[in-house]
Participant: 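Starting off with a structure, shown below.
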Amino acid sequence: MDTTHRVVIDDARGLAGLAADSVELVVTSPPYPMIEMWDELFTDLDPAIGDHLAAGDGEAAFEAMHAILDSVWDGLDRVLVDGGIACINIGDATRTLDGGFRVYQNHARIIDALTARGFEPLPEIVWRKPANSAAKFMGSGMVPPNAYVTLEHEYVLPFRNGGDRRSFEPNAESRYNAAYFWEERNRWFSDLWTDLRGVEQSLPDDALRDRSAAFPFGLPYRLINMYSVYGDTVCDPFFGTGTTGLAAAVAGRNSVGYELDPAFGSVFEARIDDVPALSRQVIGDRLAAHREFVAAERDAGETFSYDATHYDVPVRTNQEQSIRFYAAESVDSTDAGYRVTHTPFDGDDAGADSPY
């Protein structure tokens, strides 16, 4: 099995160059409106935003920033197949402007934007990522009533393009081989994620690091496994360091990303060479974790009625029997980007340092 991966160094507004109905899944984390690190980017795209901020008009700045994101959301309906899923990771913002402190609810504004464009909102996920600071309040310290709680969570907002789910041929191999383990399903499809932490950016220069807010590998990898099948195409309109593309390559999906800054494209060029080793780590980690789950369940007196077809492990349900992992064996450059060749994984490598 081969997958392809490409980075488009261009503005994502309208998703120019992507054919209609060419993407099955979108996984992205846009710049967060009203977070100061993104002020310059938004102002470059619309100078009026800088004027609003200078005047202390937070509401006007907030809406103008989201208008830029809206122009990206406008292209999603065209490129996503019917029933395709868009997952948007976003955090709210707190900010003091013109002497007033408030929260800017980015997640609510994006829900309104996607719903207005005909997308069906699905149950959202709260991703709790505790702050490193020991201070758990903002405002007036130890006395009431003027303190504020600390924002320690972000959202993953899933939407379906249209009201109907995707359809497949009965027992489609691409779908059933891409099944996940029962215990993974229970953890992944919870509406509260507490087991994924933010990541430190190891980038070649400070300026690049200051413009990056990448999510951890486990977040797009999990979403890709939840909402796509082998051979699907995953799009990230705000590609950054390319974590979504990396996760897609490890998961046996195709990817395309849009990125304004060519320097980030170079970061992905370096990262994709790690895909073969990373894929074996991640797959080995998943199998090792499942064996630990089986051992714990048996110690508790539980039994398993099914066995996996391709691996020497029992499974909880018959839908898990067809699970098959595909390890990346090689990465080759092409005129359009990169081609990753995958072969069935039959080993037991456990990823000691796996980011999964």
Side-chain angles (χ1 to χ4, degrees), residues 1-12 14-29 72 75-76 78-87 161 166 168 172-175 177-178 214-215 217 219-283 324-345:
M1 177 177 68
D2 288 350
T3 59
T4 61
H5 307 271
R6 63 189 180 99
V7 185
V8 180
I9 305 300
D10 198 2
D11 194 315
L15 296 173
L18 268 187
D21 301 321
S22 62
V23 170
E24 283 79 21
L25 174 65
V26 169
V27 175
T28 196
S29 186
V72 177
L76 294 189
R78 181 181 63 82
V79 303
L80 267 172
V81 300
D82 291 342
I85 302 292
C87 294
N161 185 24
R166 289 175 62 189
F168 296 86
E173 188 175 273
S174 63
R175 186 185 186 200
N177 282 180
F215 39 39
F217 173 90
L219 190 144
Y221 180 75
R222 182 177 295 188
L223 293 169
I224 288 166
N225 280 280
M226 290 166 63
Y227 293 117
S228 70
V229 304
Y230 286 131
D232 277 355
T233 295
V234 182
C235 175
D236 187 347
F238 302 96
F239 200 60
T241 59
T243 305
T244 296
L246 195 71
V250 169
R253 278 72 162 174
N254 304 292
S255 73
V256 56
Y258 281 73
E259 175 52 49
L260 272 174
D261 191 336
F264 282 121
S266 299
V267 172
F268 181 67
E269 289 177 9
R271 296 183 80 192
I272 197 168
D273 287 337
D274 297 332
V275 164
L278 181 59
S279 72
R280 298 188 73 84
Q281 286 184 348
V282 171
I283 295 167
R324 185 147 212 187
F325 299 109
Y326 291 86
E329 294 295 327
S330 63
V331 179
D332 299 299
S333 296
T334 70
D335 291 341
Y338 303 92
R339 180 179 62 251
V340 178
T341 299
H342 308 256
T343 58
F345 181 88

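Here, residue 1 is the first one in the sequence, and each next residue gets the next number.
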Participant: Which residues pass the side-chain hydrogen bond (donor to acceptor under 3.5 Å, both in side chains) test with T3, not counting sequence neighbours?
Facilitator: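 Applying side-chain hydrogen bond (donor to acceptor under 3.5 Å, both in side chains) to T3 gives H5, H342.
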Participant: Just wondering, do C235 and V79 contact through their side chains at under 4.5 Å, heavy atoms?
Facilitator: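 Result no, sub-4.5 Å side-chain heavy-atom pair not found.
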Participant: Using the test side-chain hydrogen bond (donor to acceptor under 3.5 Å, both in side chains), find all partners of E329 that sit at least two apart in sequence or belong to another chain.
Facilitator: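 Partners of E329 under the side-chain hydrogen bond (donor to acceptor under 3.5 Å, both in side chains) test: T343.
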Participant: Find out whether P276 and V331 are in side-chain contact, i.e. whether some heavy atom of one side chain is under 4.5 Å from a heavy atom of the other.
Facilitator: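 They are in contact (side-chain heavy atoms under 4.5 Å apart), so the answer is yes.
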Participant: Applying ring pair (Phe, Tyr, Trp, His ring centres under 6.0 Å), name anything that partners F238, two or more places apart in sequence or on another chain.
Facilitator: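 Residues passing ring pair (Phe, Tyr, Trp, His ring centres under 6.0 Å) with F238: none at all.
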Participant: Please set out all donor-acceptor pairs under 3.5 angstrom arising from side-chain atoms of residues 263-274, sequence neighbours excluded.
Facilitator:
unit_1 : atom_1 : unit_2 : atom_2 : d
R271   : NH1    : T241   : O      : 3.0
R271   : NH1    : T241   : OG1    : 3.3
R271   : NH1    : T243   : OG1    : 3.0

Participant: With a 4.5 Å limit on heavy-atom distance, are the side chains of L260 and D10 in contact?
Facilitator: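 No. Closest side-chain heavy atoms not under 4.5 Å.
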Participant: List the residues meeting salt bridge (Lys or Arg N to Asp or Glu O under 4.0 Å) with R339, not counting sequence neighbours, and say none if there are none.
Facilitator: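 Scan of R339 (salt bridge (Lys or Arg N to Asp or Glu O under 4.0 Å), adjacent residues dropped) gives D332.
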Participant: Less than 4.5 Å apart, any side-chain heavy atom of V250 and any of F217?
Facilitator: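 With C-beta onward as the side chain, the pair touches.
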Participant: Just jot down the ring pair (Phe, Tyr, Trp, His ring centres under 6.0 Å) partners of Y230, sequence neighbours excluded, or say none.
Facilitator: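 So Y230 forms a ring pair (Phe, Tyr, Trp, His ring centres under 6.0 Å) with Y326.
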Participant: Would you list the pairs meeting salt bridge (charged side-chain N to carboxylate O under 4.0 Å, His left out) in which at least one residue belongs to residues 241-251, sequence neighbours left out?
Facilitator: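 Every candidate salt bridge (charged side-chain N to carboxylate O under 4.0 Å, His left out) pair involving residues 241-251 fails, so no pair, neighbours aside, qualifies.
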Participant: Give, for atom CG of L278 and atom CZ of R280, the distance between the pair rounded to the nearest 0.5 Å.
Facilitator: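 One finds 12.0 Å between CG of L278 and CZ of R280.
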Participant: Looking at residues at least two apart in the chain, or sitting in another chain, which of them share a side-chain hydrogen bond (donor to acceptor under 3.5 Å, both in side chains) with D236?
Facilitator: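 Scan of D236 (side-chain hydrogen bond (donor to acceptor under 3.5 Å, both in side chains), adjacent residues dropped) gives T28, T244.
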Participant: How would you list, by chain and number, every residue that makes a salt bridge (Lys or Arg N to Asp or Glu O under 4.0 Å) with R166, sequence neighbours excluded?
Facilitator: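 Residues passing salt bridge (Lys or Arg N to Asp or Glu O under 4.0 Å) with R166: D232.
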Participant: Throw together a table of side-chain donor-acceptor distances under 3.5 angstrom for residues 15-24, partners on residues two or more places apart or in other chains.
Facilitator:
unit_1 : atom_1 : unit_2 : atom_2 : d
S22    : OG     : A19    : O      : 2.6
E24    : OE1    : T233   : N      : 2.7

Participant: Would you please name every residue forming a side chain to side chain contact (heavy atoms under 4.5 Å, CB included) with D335, sequence neighbours left out?
Facilitator: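 D335 satisfies side chain to side chain contact (heavy atoms under 4.5 Å, CB included) with no other residue.
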Participant: Under the side-chain hydrogen bond (donor to acceptor under 3.5 Å, both in side chains) test, which residues partner D2, sequence neighbours left out?
Facilitator: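 Expected list: T341.
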